[in-house]
Every structure is written in structure tokens, then in C-alpha cells.
Amino acid sequence: MSEDHDLCGPLSGLPLLEDLPPLEGRRVLVRVDFNVPLEPGREGSPPRIEDDFRIRAALPTLEWLSARGAAVTACTHLGRPKGKPDPRYDIEPVRARLAELAPNVSLLQNLRLDAGEEANDPAFVDRLVDGFDAYVNDAFASAHRVHASIVGPPYRMPSAAGRLLQREVEMVGSLLHSPPRPFVALVGGSKVADKLGVLRALLQRVDRLLIGGGMAFTFLEAQGHQVGRSIVDRDDLQSCQELLAVAADQITLPSDLVVLAPGGTVGVGDAGNGALAIVGTDVPEGWSGVDIGPETRRSFVELLGGAKTVFWNGPVGAFEDPRFAGGTEAVAQAIASGTAFSVVGGGDTTAAIDALGLADGVTFVSTGGGACLDFLEHGDLPGLRALRAAPNAPEHGRVAA
């Protein structure tokens with residue numbers, strides 16, 4: 001058993017690869033996240049992988065196991081086939097790429113082609129682990145799911161967190177354990193409803209919470225501002241009012257906005273159209289808020305630049321349209337050029353960082369959007385709790401099944 005577990009930090013009680021029994025000649029099942037983006041093949045050919053980053057990210061774990069004599073089999077979900085066969089989500093393109101990168105590792109068929117995966121069916125777990133001697137979870141992006149392949153195997157056999165999962169828990173978890181201050185979080189994206197829980201949790205930990213993107217308009221309307229045709233979650237107006245009432249000194253909202261005229265459209269590349277204007281915190285009737293304005297950019301950049309810890313999830317404007325990418329570019333540059341310990345999470349946020357070529361300036365880019373937010377909100381995830389229940393888990397972290 002590993003002797004260097006953090007007894008009080010995010011890795012507390014979590015079995016790591018070193019906690020597995022000897023692996024020579026043993027069969028190991030590894031839950032990975034190979035839910036890679038696919039593009040349709042031409043003229044009836046199979047789909048092609050657009051980006052194999054998720055496959056490459058699992059290689060350190062797969063190679064570590066193979067180097068110790070284990071026979072390694074990986075398993076993953078791919079897309080949303082809803083528990084039944086669907087040729088669009090056949091695993092073969094992923095299997096072919098894995099064979100190029102890790103020839104000694106085999107790959108099972110898409111887990112979600114069987115309804116038992118998302119239903120966490122014990123019978124499916126039994127079939128999944130049959131013939132294996134150990135299990136490794138290296139799929140942080142799915143660790144917030146109560147799915148069979150995530151929470152079932154650790155109760156049945158020696159188990160461990162893979163290198164990618166371990167790194168995610170260490171880095172994201174460090175935000176929960178005495179982060180250097182000031183701690184500034186920037187949360188954007190389109191809807192408040194999806195992030196109310198994490199906003200409440202962050203307000204218990206951060207010195208300043210910056211809110212941008214479409215979700216800012218629900219807060220602005222909660223303050224009594226006019227928001228025109230901007231995105232608003234009116235069912236959550238009261239929740240926003242309550243947050244503002246108790247944490248007004250922590251929350252920073254946009255002070256000016258880029259808005260799009262009636263009839264204008266947000267597009268990709270040069271596909272969008274319509275007149276633009278910069279306004280204060282009130283959006284004219286019929287207009288839509290699409291980005292933070294220059295004054296807000298300066299304010300956000302100053303606050304991020306003075307932070308020692310930064311967490312960012314969600315773009316602050318419709319950045320897929322270059323006309324409305326200025327706010328997201330400004331905060332991304334501020335984070336990447338700063339000296340703070342910085343964690344970025346979420347698919348759109350990661351895409352923005354990558355598109356701007358700034359990933360190397362960020363301390364850590366999380367592979368899990370929903371999992372990252374759930375971890376920050378709850379301080380734990382179902383997949384981590386299951387690993388702590390494994391028979392080989394460190395005793396101080398043992399959880400009853």
C-alpha cells in the first residue's frame with residue numbers, strides 16, 4: 001500500500017495505482033473517458049475522430065499497468081445511444097486509434113449501448129467485471145455519474161484511481177483545501193439553473209465571484225435592470241436575488257455590455273449579422289446581450305490579475321462569434337499571463353483556451369465540466385466514494401458499502 005496518501009486533503013482514503021496488489025499476469029479493467037468528438041465519414045465510411053486528446057490522456061495509466069505485466073482492457077461510453085444498439089456510436093473508430101497508441105490494450109464495446117450502464121444495474125456490473133482481477137477508474141469526467149461502470153466494480157474487487165483521475169482530484173480538490181488568497185472565481189455560460197449549486201458553494205470559499213455570460217442577465221434582472229431579449233432564467237430570479245442579498249460584497253456583475261440589435265444573429269466565423277452597441281447595465285427593448293463591455297473587461301482583468309487562486313468555468317460572451325469573443329479573450333489572457341494557481345474547467349471554456357493557444361499558461365485544465373462543478377459543489381463524487389469503499393483502500397478512508 002502506498003504510504004504517501006494525503007490524510008486530510010482531496011486524496012484522503014483514495015486508493016492509487018500503487019495500492020493495487022501485484023499485477024503480473026492479472027487482468028485489469030480500466031474505466032476511461034474516450035467520449036471523443038466524431039465527424040461523419042465520407043461515402044459510407046465509418047466516423048472519424050476529430051480530437052484524440054482524451055485517448056492520449058489515459059496513456060500514462062494504461063502504460064503503467066502494462067509495464068507491470070497486467071493484461072489491460074479499457075471500457076468507455078461514447079455519445080448518448082440511450083441503452084440500445086446504434087451504429088452512430090459504435091466504438092470501432094476509437095478502438096482503431098487506441099490500437100495505434102497502446103497496441104497491448106483492448107477496448108470493450110460502448111458501455112451505453114446496454115441500458116444497464118446508466119441504470120447502474122448490478123447484473124450489468126457482474127457481467128462487466130467477470131474474469132477481471134482489478135479495476136481502475138481513470139474517467140474523472142464521468143465520476144459524477146452513478147453509472148454501473150463507475151460505482152459498481154470497486155465494491156467487488158481491488159480498485160484504484162488512475163493517473164488522470166488522481167491528478168484531477170489533486171488539482172480541483174486543492175481549491176477546496178486552503179487555496180492561496182485572494183481566491184477569485186469567474187463563472188459564465190448561458191444558464192443560471194445549471195450552476196446555482198456551485199455558485200452557492202463557491203461563495204463559501206472565494207473572496208470574489210465574477211459572473212458573466214448569459215447567466216449574468218438573470219442576476220441583472222434580479223437587480224431590477226432591463227435585459228431586453230437576453231437569456232434569462234426567470235424561474236431562478238428569486239434565487240439570484242437571495243444570493244445578491246447575502247453576498248453582494250463578493251459578487252461582481254457586468255457594468256457594461258455589448259448588445260446585438262433586433263433581428264441580428266450570433267454565428268460561427270462570419271455567419272452572424274446585425275448592428276452592435278455598447279450599453280450600461282440596461283439592455284434596450286428588443287436587443288440582446290452578447291458579451292461583457294470594455295469597462296467590465298478592465299474590471300475583471302484587474303481582479304483576476306490580483307488573485308493568487310483562480311477558477312474559471314464558462315465563457316463570458318458568445319465567443320463562437322468573433323464579434324463577441326473580446327470578453328472571453330480578455331479574461332483568458334489575464335488568467336494565462338498571471339501568476340495565480342489557476343484551474344479551468346468546462347468544455348466551452350477549454351475550447352476557448354485551446355483556440356487562443358493559452359492552455360500552457362493555465363496551471364490545470366480539467367477534463368471534466370460537470371464533474372468539476374459537482375466536485376466543487378459537494379466536495380466529493382460518487383466515483384470517488386466508490387473507490388474509497390474498495391477492499392484495498394487505505395483504512396482511514398474506508399467507506400461501508
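- Applying side chain to side chain contact (heavy atoms under 4.5 Å, CB included) to Leu62 and the options Val28, Leu98, Ile55 leaves one that passes, Leu98.
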Next item on the list: Dump the intermediate steps for salt bridge (Lys or Arg N to Asp or Glu O under 4.0 Å) on Arg323 and Glu329, then the final yes or no.
Entry: CA-CA 11 Å; Arg323 299 175 298 164; Glu329 290 178 4; over 6 Å; no
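- Annotation for Arg200: atom CZ counts as buried by contact number, over 12 foreign heavy atoms lying within 6.0 Å.
- Atom CD of residue Glu295 and atom CG of residue Asp256 lie 5.0 Å apart, to the nearest 0.5 angstrom.
- Put simply, the side chain of Leu175 reaches to within 4.5 Å of the side chain of Val343, judged on heavy atoms.
- There is a side-chain donor-acceptor pair under 3.5 Å between Gln238 and Glu242.
- Under the 3.5 Å distance criterion, the side-chain polar atoms of Arg68 are matched with a main-chain donor or acceptor of Trp64.
- Using a 4.5 Å heavy-atom cutoff, the side chains of Arg388 and Asp380 are in contact.
- Of all non-hydrogen atoms in Ala222 and Cys240, the two that sit nearest each other are CB-CB, 3.9 Å.
- Contact record, Ala386 with Pro154: O-CB, 3.1 Å, taken as the closest heavy-atom pair.
- Within a 6.0 Å sphere centred on CZ of Arg56, heavy atoms belonging to other residues, nucleotides or ligands number more than 12.
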Next item on the list: Take Asp321 and Val290 through the test side chain to side chain contact (heavy atoms under 4.5 Å, CB included) and record every step on the way to the result.
Entry: CA-CA 10 Å; Asp321 188 321; Val290 285; over 6 Å; no
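- You'll find the side chain of Phe341 stays beyond 4.5 Å of the side chain of Pro179, heavy atoms only.
- Using modelled atom types, no side-chain atom of Thr328 and backbone atom of Ala325 make a donor-acceptor pair closer than 3.5 Å.
- Atom CD of Gln241 has more than 12 heavy atoms from other residues, nucleotides or ligands within 6.0 Å.
- When atom types are taken as modelled, the side chain of Thr218 and the backbone of Asp233 share a donor-acceptor pair closer than 3.5 angstrom.
- Formation of a donor-acceptor pair under 3.5 Å by the Glu221 side chain with backbone atoms of Arg234 is not found in this model.
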Checklist line | Stepwise side chain to side chain contact (heavy atoms under 4.5 Å, CB included) test for Phe364 and Arg167 | finding: CA-CA 9 Å; Phe364 185 69; Arg167 179 71 170 161; 3.6 Å; yes
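- Looking at heavy atoms from C-beta onward, His225 lies out of side-chain contact with Phe217 at the 4.5 angstrom threshold.
- No side-chain heavy atom of Arg27 sits under 4.5 Å from any side-chain heavy atom of Val72.
- Judged by distance alone, with hydrogens and angles left aside, the side-chain atoms of Ser230 form a donor-acceptor pair with the main-chain N or O of Val227 at under 3.5 Å.
- Note that CG of Leu78 is 11.0 Å distant from CZ of Arg88, once rounded to the nearest 0.5 Å.
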Tell me which donor-acceptor pairs under 3.5 Å the side chains of residues 184-194 have, and how far apart each pair is, sequence neighbours excluded?
none

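- Summarising the geometry, atom CD belonging to Glu92 is positioned 9.0 Å from atom CG belonging to Leu107; distances are rounded to the nearest 0.5 Å.
- Proximity of a side-chain donor or acceptor of Asp86 to a complementary backbone N or O of Pro81 within less than 3.5 Å is not detected.
- Of all the heavy atoms in Leu111 and Ser149, the pair that sits closest is CD1-OG, 3.4 Å.
- Glu39 pairs by the side chain to side chain contact (heavy atoms under 4.5 Å, CB included) definition with Arg48, Glu50, not counting sequence neighbours.
- With sequence neighbours left out, Pro85 forms a side chain to side chain contact (heavy atoms under 4.5 Å, CB included) with no residue at all.
- Counting only residues at least two apart or on different chains, no salt bridge (charged side-chain N to carboxylate O under 4.0 Å, His left out) pair has a member in residues 135-147.
- Counting non-hydrogen atoms of neighbouring residues, nucleotides and ligands closer than 6.0 angstrom, the CG atom of Asp249 exceeds 12 such neighbours.
- If you take CG on Leu128 and CZ on Phe124, they are separated by 5.0 Å, rounding to the nearest 0.5 Å.
- The two residues Leu376 and Ala201 make their nearest non-hydrogen contact at O-CB, 3.8 Å.
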Margin query: Working note: His77 + Glu118, criterion side chain to side chain contact (heavy atoms under 4.5 Å, CB included); need CA distance, chi angles, decisive distance, verdict.
Written below: CA-CA 10 Å; His77 72 281; Glu118 294 187 77; over 6 Å; no
Next item on the list: Could you go through the side chain to side chain contact (heavy atoms under 4.5 Å, CB included) check for Leu384 and Val169 one step at a time?
Entry: CA-CA 9 Å; Leu384 304 183; Val169 172; 3.8 Å; yes
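- With hydrogens and angles disregarded, a donor-acceptor distance shorter than 3.5 Å links the side chain of Ser342 to the backbone of Thr363.
- Formation of a donor-acceptor pair under 3.5 Å by the Asn35 side chain with backbone atoms of Gly79 is found in this model.
- Side-chain contact between Ile49 and Leu38 is present, with at least one heavy-atom pair separated by less than 4.5 Å.
- Side-chain contact between Gln109 and Asp90 is present, with at least one heavy-atom pair separated by less than 4.5 Å.
- In plain terms, the two heavy atoms of Leu209 and Leu199 that are nearest each other are CD2-CD2, 3.8 Å.
- A donor-acceptor pair under 3.5 Å is formed between the side chain of Asn392 and the backbone N or O of Asp19.
- Residue pairs that meet the salt bridge (charged side-chain N to carboxylate O under 4.0 Å, His left out) test with at least one member in residues 297-307, sequence neighbours left out, are Asp291-Arg297.
- Taken to the nearest 0.5 Å, the OG atom of Ser159 stands 14.0 Å off from the CZ atom of Arg31.
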Which donor-acceptor pairs under 3.5 Å do the side chains of residues 310-319 make with protein atoms, sequence neighbours left out?
unit_1 : atom_1 : unit_2 : atom_2 : d
Trp312 : NE1    : Gly314 : O      : 2.7
Asn313 : OD1    : Lys195 : NZ     : 2.7
Asn313 : ND2    : Gly345 : O      : 2.8

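- Contact check on Lys84 versus Glu117 returns no salt bridge, with no Lys/Arg side-chain nitrogen under 4.0 Å from an Asp/Glu carboxylate oxygen.
- The CG atom of Leu260 sits 6.0 Å away from the CG atom of Leu276 when rounded to the nearest 0.5 Å.
- Under the 4.5 Å side-chain criterion, counting only non-hydrogen atoms from C-beta, Leu244 is in contact with Leu253.
- Leu387 and Tyr135 make their closest contact through CD2-CE2, 4.3 Å (heavy atoms, listed as atom of the first residue, atom of the second, distance).
- A cation-pi arrangement is absent between Arg54 and Phe34, since the terminal nitrogen or guanidinium carbon is not both under 6.0 Å from the aromatic centre and inside a 45° cone about the axis.
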